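Heads up, the thing below is written out as structure tokens.
Keep in mind the model is a prediction, meaning the values are calculated, not measured.
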Amino acid sequence: MSDIYVRFAPSPTGALHLGGARTAIYNWLFARSKGGKFLLRIEDTDNKRSKVEYVNQICDSLKWLGLNWDDEPVFQSKRLEDYQEAVRQMVKNGRAYYCFCTPEELEERRRASGEYRYDGKCRSLSETEIKANLDAGKPAAVRFKVNAGMTQWTDRVYGTIKVNNSEIDDFIIQRSNGIPTYQLAVVVDDIFMRISHVIRGEDHISNTAKQILLYNALDYPVPEFAHLPLLNGTDGKRLSKRHGATGVDEYRDLGYPPEAVFNYLAILGWVPKDGNEILKPEELIKRFRLEDIARKSAVFDVKKFDWVSNEHIKRTDNEKIYNIVLPILIENGLVHETPDREMQKYIFKFIDLMKSRFRTYRQFAELGSYFFKDPEKYEGKAARKNWKNESVNQRMQTLLEALKELDDFSGSSTERVIRQLSEQMEISAGKLIHPTRLAVSGYGVGPGIFELLETLGKETVVRRIETALSKLPQ
RNA sequence: GGCGCCAUCGUCUAGUGGUUAGGACACAGGAUUUUCAUUCCUGGAACCGGAGUUCAAUUCUCCGUGGCGCUACCA
């Protein structure tokens, strides 16, 4: 099916946010699952807020997510002539008309009548009146003439939606400065780009009827429409800055894997029938169906997103994690620019030990820093619990001496020492294990202690216990 | 104000005219005679309200309520 064309059409007024990314993902998924094309269009028609930096930022985010688009992006700002031609055509055949009402007049009349819609004042202007106004150089916007009737379409996710044309006023399609409005530009572009399926946010449902009218006026077949429910914050309100990070770039900077963002956004509002929720793009493509998307707006749940992210990191092979994490470790001054073979092996061991517990790549450098430098402080709660008083020092002193004696510092070897000692002291092994963990890592939690000791090595472990002995209890 | 869309555990959802209303995340409890930020097990937790149709309604219809969206010479 080569006649399937979809597009993602962001306006460059900010970074790509989660909602936009989700729309892009669904478009991409649909195109890729149908063998169609996924196109990109930048909606930068005279919006004072449009900025080139944002165009680049959005493209970067899309690439980061793996949303590769086909063909060159279309910029609306470069297509003015097409829009104006379409408008000329509609004015000529009576589907649109010049309107000389100024925004101020409109505002005033709206206020006076309490009616939101355009009152149709310029709709019935005579040829001579129009010519006179035009000749006098009066600014003229162009309005689309909405005739009585009923407009409806079968939405691929919402089903049949009907709108009475009497609810739609004669909307402006071209501003008095000659720049088209969104409604017109979208339709002309979608025709130009041969878009077969318009997949976009639910906030466009009420624009759809207007656009269908435009397709009819332009004498082009109407594409399929599929509207997507919006993303909300935890308070049920539309996702915004108040809810925390909303930009895709922010999640990248936080160290989340792109496949996790992709995966979570994709299953937010749609769960594959087989119940598998952790999926790679290719697997999502296989399962994707527009019709399965829920019609209810969804709440972005950071907790579940973290879970998805951790699941992806767990499944990522160490080699790949190494390549991603190494620069972060270097950047944080934990590892030298060019680690030698021994250090490389050590980092692999570190990744193996810790990847099941992290949800971002950045956490390898943050929560895992003790693999590369001695802890600077001890987690307060864990210290209070596991290293209460001087008696711990005595026990740990004994343990330290025993560890120093060890030639074989393997996990099984240190385990034997600790267990024997705890038996001699008639305490539970935990009474030695927890203070040891605190001493070597600074945390009350972490991987299995014996494996950790083995990985860290005798020298480091001994040094850190000595340090802890001198600093704890605080 | 008008119009449109939506409504199942806290969150994402499955589902059906008759079900113990299923799963996932989160949460709680337990196990791993070492923690949890690992792993495993167990548990609590939902059909917005009211009418109607029907032998039977979470499911169908209507009304209400609530949420969201649109109602711009923004996109």
Starting at CG of A:D169 and ending at P of B:C3, how long is that distance when rounded to a whole Å?
15 Å
Name the closest nucleotide to the A:K210 side chain, picking from B:G69, B:C12, B:U71.
B:U71
Can you tell me if the side-chain N/O atoms of A:K296 get under 4.0 Å from OP1 or OP2 in B:U8?
yes
Does A:W270 have its ring centroid less than 6.0 Å away from the ring centroid of A:F288?
yes
Base, sugar-phosphate, or nothing: which does A:G269 touch, judged by heavy atoms less than 4.0 Å apart?
sugar-phosphate
What does A:S428 touch in the nucleic acid at a heavy-atom separation under 4.0 angstrom: a base, only the sugar-phosphate, or nothing?
nothing
Examine A:Y251 together with A:F305 and report whether their ring centres are nearer than 6.0 Å.
yes
Roughly how many Å is it from OH in A:Y83 to P in B:A75, rounded to a whole number?
11 Å
Taking 4.0 angstrom as the limit, do A:E423 and A:R419 come out as a salt bridge?
no
Tell me whether the OP1 or OP2 atom of B:C68 has a side-chain N or O from A:R238 closer than 4.0 Å.
no
Just checking A:Q363: base, sugar-phosphate only, or nothing, at a heavy-atom cut-off of under 4.0 Å?
nothing
Considering every strand and a 4.0 Å limit on heavy-atom distances, what is the contact class for A:P229: base, sugar-phosphate, or nothing?
nothing
At 4.0 Å (heavy atoms only), tell me whether A:I267 reaches a base, stays on the sugar-phosphate, or touches nothing.
sugar-phosphate
Between atom CG in A:L452 and atom C1' in B:U38, what is the gap in whole Å?
13 Å
RNA chain B: A:I172 or A:R22, which has the more 5' nearest nucleotide?
A:R22
Are there over 12 heavy-atom neighbours, none belonging to A:E291, within less than 6.0 Å of that residue's CD?
yes
Quick check, are the ring centers of A:H243 and A:F300 under 6.0 angstrom apart?
no
Taking ring-ring contact (aromatic ring centres under 6.0 Å, His included) as the definition, give me every residue that meets it alongside A:F358, ordered by chain and number, with sequence neighbours left out.
A:F364
Provide the distance between the two P atoms, one in B:G1 and one in B:U53, to the nearest whole Å.
33 Å
Is there a side-chain polar atom (N or O) of A:T234 under 4.0 Å from OP1 or OP2 of B:G10?
no
Is A:F358 touching bases, backbone alone, or none of the nucleic acid, heavy atoms closer than 4.0 Å?
base
Within the 6.0 Å centroid threshold, strictly below: A:F171 and A:Y118
no
Using heavy-atom distances to pick each residue's nearest nucleotide on RNA chain B, tell me which of A:I161 and A:V445 is more 5'.
A:I161
Verify the contact: side-chain N or O of A:R110 to OP1 or OP2 of B:U71, cut-off strictly under 4.0 Å; return yes or no.
no
Please report the distance, rounded to the nearest Å, between CD in A:E311 and C1' in B:U39.
12 Å
Reckon A:L268 touches a base, only the sugar-phosphate, or nothing at all at heavy-atom distances under 4.0 Å?
sugar-phosphate
How close or far is atom P of B:C70 from atom OH of A:Y158, stated in whole angstroms?
13 Å
Name the nucleic acid region contacted by A:G448, choosing base, sugar-phosphate or nothing; use a 4.0 angstrom heavy-atom cut-off, strictly under.
base
When we call it a touch if two heavy atoms are under 4.0 Å apart, what does A:K237 touch: a base, just sugar-phosphate, or nothing?
sugar-phosphate
Rounded to the nearest Å, what distance is computed from the CG atom of residue A:D203 to the C1' atom of nucleotide B:A75?
9 Å
What nucleotide among B:U71, B:G2, B:A75 has an atom nearest to a side-chain atom of A:E167?
B:G2
Is the base of B:U34 touched by the side chain of A:R437 through a donor-acceptor pair closer than 3.5 angstrom?
yes
Distances under 3.5 Å between protein N/O atoms and the N/O atoms of nucleotides 23-28 of chain B, please, pair by pair.
residue: B:A24; atom: O4'; partner: A:E277; partner atom: OE2; Å: 3.3
residue: B:A24; atom: O2'; partner: A:E277; partner atom: OE2; Å: 2.5
residue: B:A24; atom: O2'; partner: A:K304; partner atom: NZ; Å: 3.4
residue: B:A24; atom: N3; partner: A:K304; partner atom: NZ; Å: 3.3
residue: B:C25; atom: O2'; partner: A:K304; partner atom: N; Å: 3.3

Sugar-phosphate only, base, or nothing, as touched by A:R200 at under 4.0 Å among non-hydrogen atoms
nothing
G-U wobble or Watson-Crick pairing nucleotide for B:C25 (cut-off 3.5 Å, both distances)
B:G10
Decide, yes or no, whether a salt bridge links A:R287 with A:D292 under the criterion of side-chain N to carboxylate O below 4.0 Å.
no
Where the side chain of A:K273 is concerned, which of B:U34, B:G15, B:C12 is the nearest nucleotide?
B:G15
Could you check whether A:F171 gets within reach of a base, just the sugar-phosphate, or nothing at all, counting any heavy atom under 4.0 Å?
nothing
Without decimals, in angstroms, what is the distance between A:E379 CD and B:U35 P?
16 Å
Classify the nucleic acid contact of A:N207 as base, sugar-phosphate or nothing, counting any heavy atom under 4.0 Å across all strands shown.
base
In plain terms, say whether A:R143 and A:D170 are close enough for a salt bridge, that is, a side-chain N and a carboxylate O under 4.0 Å apart.
no
Which is true for A:H227 with a 4.0 Å heavy-atom rule: it touches a base, it touches only sugar-phosphate, or it touches nothing?
nothing
Would you say the side chain of A:S176 and the base of B:C73 hold a donor-acceptor pair, judged only by whether the two atoms sit under 3.5 Å apart?
yes
Could you state the CG-P distance from A:L265 to B:U13, rounded to the nearest angstrom?
12 Å
By nearest atom, which of the nucleotides B:U13, B:C68, B:U71 is closest to the A:A298 side chain?
B:U13
